Amino acid sequence: MSSERYNPRDAEPRWQQEWEKHEVFQTENDDPREKYYVLEMFPYPSGRIHMGHVRNYTMGDVVARYKRARGFNVLHPMGWDAFGMPAENAAMERGVHPASWTYQNIASMKAQLKVMGLSLDWNREFATCDPAYYQRQQHLFLDFLEKGLVYRKQSKVNWDPVDNTVLANEQVIDGRGWRSGALVEQRELTQWFFRITDFSQELLDALDTLDQWPEKVRLMQKNWIGRSEGLSLRWELVNGTAGDAAELTVYTTRPDTLFGASFLAIAADHPLARQVAATNPEVEAFCEECRRAGTSLAALETAEKKGIDTGIRAKHPLDPSWELPVYVANFVLMDYGTGAIFGCPSGDQRDLDFARKYGLPVVPVVMPKDGDAATFAIGDEAYIGDGVMINSRFLDGLSTEDAFETVASKLEKETFNGTPRAERKVNFRLRDWGISRQRYWGCPIPVIHCDDCGVVPVPKADLPVVLPPDVTFDKPGNPLDRHPTWRHVACPHCGKDARRETDTMDTFVDSSWYFTRFTAPWEDNPTDPKVANHWLPVDQYIGGIEHAILHLLYSRFFTRAMKATGHVAIDEPFKGLFTQGMVVHETYSRGEGAQREWVTPAEIRIEEIDGRRRAVLLETGEEIAIGSIEKMSKSKKNVVDPDDIIASYGADTARFFVLSDSPPDRDVIWSEAGVEGSHRFVQRVWRLVSEAAENLRATEAAPASEGEALAVSQAAHKTLRAVEADYDKLAFNKAVARIYELVNTLAAPLTQVAAGKADAALAGAVKDATTILINLIAPMTPHLAEECWREIGGEGLIAERGWPAFNPALVVENEITLPVQINGKKRADLTIARDADQSAIESAVLALDAVKTALNGSSPKKIIVVPQRIVNVVV
RNA sequence: GCGGGCGUGGCGAAACUGGUAGACGCAAGGGACUUAAAAUCCCUCGGCCUUGGCCGUACGGGUUCGACCCCCGUCGCCCGCACCA
């Protein structure tokens, strides 16, 4: 009888070596079994893995191990999203080269992942900064370029005038550059774009086919694509108010509210605004101010609504005698629609705020169906809903929908200067994807600029265009620009001196096809289409909700673009998507305001005195304030290092904990007590199994059909069925709860077996149940499962064994207990044969004491019998 | 600002398609074992009223025989917003 504690420090490396030796997790592309591709979003090599990674990769690993047991040929690869700004920041701050910084980080993070015991095929590993990877990305770029899916246009960037560098949105803090503190300007640069908008409608329509995606993600993408049906409408400008310009085209989705219009507004970058600004210093100043506001939409829209009158006047399309002012407004975007709107203050909150600020009229034109036209008025809130038209002349009394139709039909038939006054137009909010980055640590864009030949693609034979290693980061700006030789190159066309493109690609490009590359990472071409088409789509993709829009939408576009260029034959890259929640933790701090200092969880101890929790600094005993629970972050110091956890409890405990308690799509709160609970479970399973092991080894597994052993077999097989369903749904927390229940049920019988007090039937049932238990925990705590399996005399590795099948006879009940309600409140239970018919149930219910008392002699109004569920007696 | 989500005991949660609210775990309290501690095992554990009942799923309404679940409104918190990944 063994009673040693389970020692993960000994067991875990041992089983990891065993798996490696047997190449259990290496995947063959030509394996005949049905394929299953499970993938977690690959990490950015920041240096250390964090608990979010542990949770993400554990979930993927459970799916991979479970599906492998279910007989699938599983592909479960891992790689590194290795380009990006942090490497350049490290280079600037510490003088370390981005490449060596990145590869060192990869080495240490890989070591951390290895310790977790993940069932990954490391043979397919790559980093996106490997020239072997980005060479194929350049190949794809050239194919896209040839296909017309890439183009150049002018576009704005955040410009730091002191550092002379382009800033990312996150580097702009309160309108200033994060390092220089200079007021950020916007600059126009010629940049590269992918034509994602060519696919707007298709990307929208295909969302309906993604039935294994969370509804909320599909909705978010739908809103992001933002299809709207509206009217492109031309307004005549009053002669002489706008120089030579005679008209202004606005896009509107609400032509029905035209009689509520009180102003027109144009973007600061609208040609008309520029024209006015040229002669009007005030408008010029305002436009400048708008440009300084930054490129982020959030910044724009949270800013106070402001504008300035351009002096231009426009004639109302339905009443030429009605003149409206044209403003430049900070909330109108040049990229959307036509960069000009008409403002209807009663029907749009922004327009209302704007009108109140500048004293413009507010005429209600839509009121709720049951409203009173005489008294309906707009206060501080616009009425944006549907309803009935008022104050709208010939539209009065129509529904919003009919008014839209009436106005649209009327105006599209009218002409103005010989062409239709208005045109129905489908508009998308989605913009083309700008991929140019004025940075070093990214995939070089493989083109050459020649004075004579223009933009010339780098011939494929010359790929990869490799980043020069000898660069400096002592000053801001793009090191590729100031490299002494790199950008000088002969034009591939005419041979004359020419210049390389020094922009590199957005790192979202790297992550838009890595899942395809994993299917054949050794291929000379970007893909082996046959292999890619076999493995794709990814059956289960798992990652953070923060990627709900950009990464996933870009990948959906990229897959279509790769299809158009013959690299794959599919449209959708991810069949199943799961978005997991974050790992959050309490925060601890001392001091207040600017003096506030954050303290790491490792530096404190939690005490509970008289029901009050307090945190105490280990070193000094000083009391530390317990703050709110927040996403683990370096700045708040509320991080727990997975290495520390694994070192003290082992990987299985860490894995089990991140799957326990919280539903996987919700945040999980990391707590020391919770980890200890998981660790107790690991120890408990080991103790129960190992103590009984000697006797179990000598016993054949045999589910029982009667007596006390039957309950053991029923519990095991029911749990097997339930956990199977939970794993299929990725409901790991529920699987954990079921497994706890099973272990609780098995505790006494296992102890009996250990003491040699079990009869043959019970011993056989316990052996069967224990085997099932080991299979159930194997995906979550694989090392413990192997250790238990060997201990009870199992053959081979659990990681290579098939999933057990539950015995249908053991999971059905012949009798069921129905709750009995009286007037919707539970008052009694009724135990009755499972197949009892309605009348049998009714008479049994009426015979119950509680029901007799409630009825007090009278007969019930109604008896509702929901088969297999509940009975409700209405008295 | 716009878009999306979430809200259930002291805490994390469960509750199938509208059908027993609180499974399972954590924390806490009590007990057993121990010289003692740890570990382990057993019991209690939403609130209020003395047993039986009443109240209770953020808050206020509604639909229903029956609502954590559906509808309307309010409040609070979180995420995304196109150059962070």
Side-chain angles (χ1 to χ4, degrees), chain A residues 5 41 43-44 46 81 83-86 157-158 166-172 191 214-217 219-220 222-224 226 295-305 331 335 349-350 353 429-439 506-508 510-511 544-551 553-554 581-582 584 608 611 613 628 630-631 660-663 665-669 671 673-678 680-681 683-684 687 725 733-734 736-741 744 747 751 817-829 861-864 866 868-875:
Chain A
R5 276 171 71 76
M41 291 178 184
Y44 179 79
S46 55
D81 190 11
F83 275 137
M85 289 201 306
V157 294
N158 299 309
V166 176
L167 298 177
N169 281 338
E170 73 160 8
Q171 297 173 318
V172 179
Q191 307 203 65
E215 189 57 45
K216 63 175 171 180
V217 174
L219 191 58
M220 283 162 88
K222 186 181 165 199
N223 291 333
W224 186 258
T295 54
S296 103
L297 194 57
L300 272 180
E301 297 205 354
T302 45
E304 190 190 353
K305 309 292 168 272
F331 60 93
D335 308 309
Q349 194 59 44
R350 283 176 309 188
D353 295 344
R429 207 184 73 105
L430 184 65
R431 310 201 298 255
D432 273 334
W433 173 13
I435 60 153
S436 284
R437 297 291 181 270
Q438 294 70 36
R439 277 185 248 288
D506 178 6
T507 57
F508 272 123
D510 312 338
S511 56
I545 184 72
E546 66 272 20
H547 295 291
I549 297 175
L550 293 182
H551 162 56
L553 192 61
Y554 289 154
M582 295 181 299
V584 294
E608 186 158 334
R613 289 180 75 235
S628 59
E630 294 183 47
K631 179 178 179 170
S660 304
D661 292 356
S662 285
D665 52 351
R666 236 191 264 179
D667 291 350
V668 64
I669 300 177
S671 73
V675 179
E676 281 176 5
S678 294
R680 267 201 297 277
F681 171 81
Q683 292 295 347
R684 183 168 190 232
R687 185 166 21 82
N733 59 322
K734 291 193 224 172
V736 166
R738 301 286 153 259
I739 290 171
Y740 267 116
E741 279 175 324
N744 288 343
T751 310
T817 300
L818 288 177
V820 176
Q821 294 182 331
I822 293 166
N823 290 338
K825 298 217 180 247
K826 194 204 158 193
R827 287 291 180 264
D829 283 310
K861 252 192 200 153
K862 203 170 173 185
I863 300 179
I864 295 149
V866 184
Q868 315 291 318
R869 281 225 196 279
I870 204 165
V871 181
N872 190 12
V873 183
V874 185
V875 182

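Given the structure is predicted, the values throughout are model-derived calculations rather than measurements. Here is the naming used below: chain letters follow the sequence lines, and residue numbers restart at 1 for every chain.
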Between N or O atoms, less than 3.5 Å apart, protein on one side and nucleotides 6-9 of chain B on the other: list the pairs.
from: B/G7; atom 1: OP1; to: A/R666; atom 2: NH2; distance (Å): 3.4

### Task
State which of B/U40, B/G12, B/C24 makes the closest approach to the side chain of A/S662.
B/G12
### Query
Picking from B/A14, B/C24, B/G19, which would you name as closest to the side chain of A/Y740?
B/C24
Provide, to the nearest angstrom, the distance between the [atom1] atom belonging to [X] and the [atom2] atom belonging to [N].
X      : N     : atom1 : atom2 : result
A/R429 : B/G4  : CZ    : P     : 11 Å
A/Q683 : B/C41 : CD    : P     : 12 Å
A/F83  : B/A85 : CZ    : C1'   : 15 Å

Pick base, sugar-phosphate or nothing for [X], based on heavy-atom distances below 4.0 Å to the nucleic acid.
X      : answer
A/S436 : base
A/W224 : base
A/N223 : sugar-phosphate
A/Q191 : base
A/I863 : nothing
A/A548 : nothing
A/T507 : sugar-phosphate

### Query
In the strands shown, is B/C45 matched to any nucleotide by a Watson-Crick or G-U wobble pair with both distances under 3.5 Å, and which?
none
